[in-house]
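For reference, the structure is listed below as structure tokens.
Starting from 1, each residue takes its place in the sequence as its number.
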Amino acid sequence: MADHFHDSSDSKHESFLEKLTDKIHHGGGDDDSSSSDSDNDKPSLSSLKAKIYRLFGRERPVHKLLGGGKPADVLLWRNKKISAGVLGGVTFVWFLFEVFEYQLLTFICHLLIVSLAVFFLWTNASSFINKAPPRIPDTLIPEAPVLQFASALRYEVNRGIAALRDIASGRDLKKFLLVITGLWLLSIIGSCCSFLTLFYIGFLLLHALPVLYEKYEDQVDSFAEKATAELKKQYAVFDAKVLSKIPRGLLKDKKRL
């Protein structure tokens, strides 16, 4: 009887272990299948992301497109105190010169007069009030940043001159019409406001549009995709009805011959 009892208990124990191992194996199989399914889904998700239309064909985040670092942080309001301070300073300068009609040369002269007078009086009065005179730091402009700025400016000017020469050569009618239209609109805007006001409006847009686009980029990209498709349709119609009927120049006809 004792042997029979031990055999039955051993068989029950073995059956329990078999059920437990089967359950573990089935669970692991489910996990493996779910993981394999998720792995199979990853390429489809990446392919879907690759097919999403982005404004101007961008592939990098907005922060990287703005150059990264502190300037991009200021434009995207990563630090609200610094961004608000920069915006307030530029607004104060615009009010000073545009609203109060303060002249730049007068402002620089008055600023230098006040600064020199304060330091001069402070230095001479320090001996009477038994205080140390102010330490005026030696300010020297480093050579490397100036050379880098000059080199970058020269490069951009050369690019602009080359682009204007390419447009004036008559090779691309579409680009020519776009540039002429843009310059005409810019001249209209310039006649309505001063250069400083135009700069201030551009500065405000630069502080507002990137952060709004970063927040609503999916909606903006969807709208831009539809608008781009519609513009391409309208341009195709305009090209077929107008641009294609413009006679070609004699030089291009000679080249074909």
Checklist entry - Applying the 4.5 Å side-chain criterion to the ILVMFWY set and letting contacts propagate, would V179 and L186 be lumped into a single cluster? => result no

Item to check | Parallel, tilted or perpendicular, as decided by the 30° and 60° cut-offs, for the rings of H207 and W77 | outcome: perpendicular

Checklist entry - Given the rule that I, L, V, M, F, W and Y join up when any side-chain heavy atoms are under 4.5 Å apart, are V157 and F149 in one cluster? => result yes

Next on the checklist: What I'd like to find out is whether the side chain of I141 reaches to under 4.5 Å of the side chain of V146, using heavy atoms alone.
Outcome noted: yes

Next on the checklist: Check this for me: Y102, atom OH, are more than 12 non-hydrogen atoms of other residues, nucleotides or ligands nearer than 6.0 Å?
Outcome noted: yes

Checklist entry - Do D166 side-chain atoms and A162 backbone N/O form a donor-acceptor pair below 3.5 Å? => result no

Checklist entry - Hey, what do you get for CZ (F92) to CZ (F100), rounding to the nearest 0.5 Å? => result 8.5 Å

Item to check | Nearest atoms (heavy-atom pairs only) where T197 meets W94 | outcome: OG1-NE1, 3.4 Å

Next on the checklist: Counting neighbours of CZ on F223 that are heavy atoms of other residues, nucleotides or ligands and sit closer than 6.0 Å, is the number greater than 12?
Outcome noted: no

Item to check | Backbone N/O of L111 and side chain of S115: donor-acceptor pair under 3.5 Å | outcome: yes

Next on the checklist: Evaluate V74 against N79 for side-chain contact (heavy atoms from CB on, under 4.5 Å), listing each step before the verdict.
Outcome noted: CA-CA 7 Å; V74 172; N79 191 331; over 6 Å; no

Checklist entry - Does one hydrophobic cluster hold both L204 and V211, with members joined at side-chain heavy-atom distances below 4.5 Å? => result yes

Next on the checklist: With rounding to the nearest 0.5 angstrom, report the CD to CD distance, Q148 to E143.
Outcome noted: 11.0 Å

Next on the checklist: Starting from V86, can I reach L96 by hopping between I/L/V/M/F/W/Y residues whose side chains sit under 4.5 Å apart?
Outcome noted: yes

Item to check | Derivation of the side-chain contact (heavy atoms from CB on, under 4.5 Å) call for D172 and I167 | outcome: CA-CA 7 Å; D172 193 345; I167 293 170; over 6 Å; no

Checklist entry - Going from CG on L76 to OG on S83, what distance comes out if it is rounded to the nearest 0.5 angstrom? => result 8.5 Å

Item to check | Main-chain N/O of A132 paired with S126 side-chain donor or acceptor, under 3.5 Å | outcome: no

Item to check | Residue list, side chain to side chain donor-acceptor pair (under 3.5 Å) with Q234, at least two apart or on another chain | outcome: E230

Next on the checklist: Checking R78 against E214 for the salt bridge (charged side-chain N to carboxylate O under 4.0 Å, His left out) test, could you report, in this order, the C-alpha distance in whole Å, the side-chain angles of both residues, the deciding distance, and whether it holds?
Outcome noted: CA-CA 12 Å; R78 294 287 192 267; E214 188 182 39; 3.0 Å; yes

Checklist entry - So how far is it from Y213 OH to Q219 CD, rounded to the nearest 0.5 Å? => result 11.0 Å

Checklist entry - Hey, what's the ring geometry for F97 with F107, parallel, tilted or perpendicular (30° and 60° as the breaks)? => result perpendicular

Next on the checklist: Is there a path of hydrophobic side-chain contacts, each under 4.5 Å between heavy atoms of I/L/V/M/F/W/Y residues, joining V90 to I82?
Outcome noted: yes

Next on the checklist: As an exercise, state the distance from CG of L177 to CH2 of W184, rounded to the nearest 0.5 Å.
Outcome noted: 13.5 Å

Checklist entry - Got a second to check how far N158's CG is from E156's CD, nearest 0.5 Å? => result 9.5 Å

Next on the checklist: When you compare the side chain of L87 with that of F203, does any pair of heavy atoms fall below 4.5 Å?
Outcome noted: yes

Next on the checklist: With a 4.5 Å cut-off on side-chain heavy atoms, are I189 and L198 touching?
Outcome noted: yes

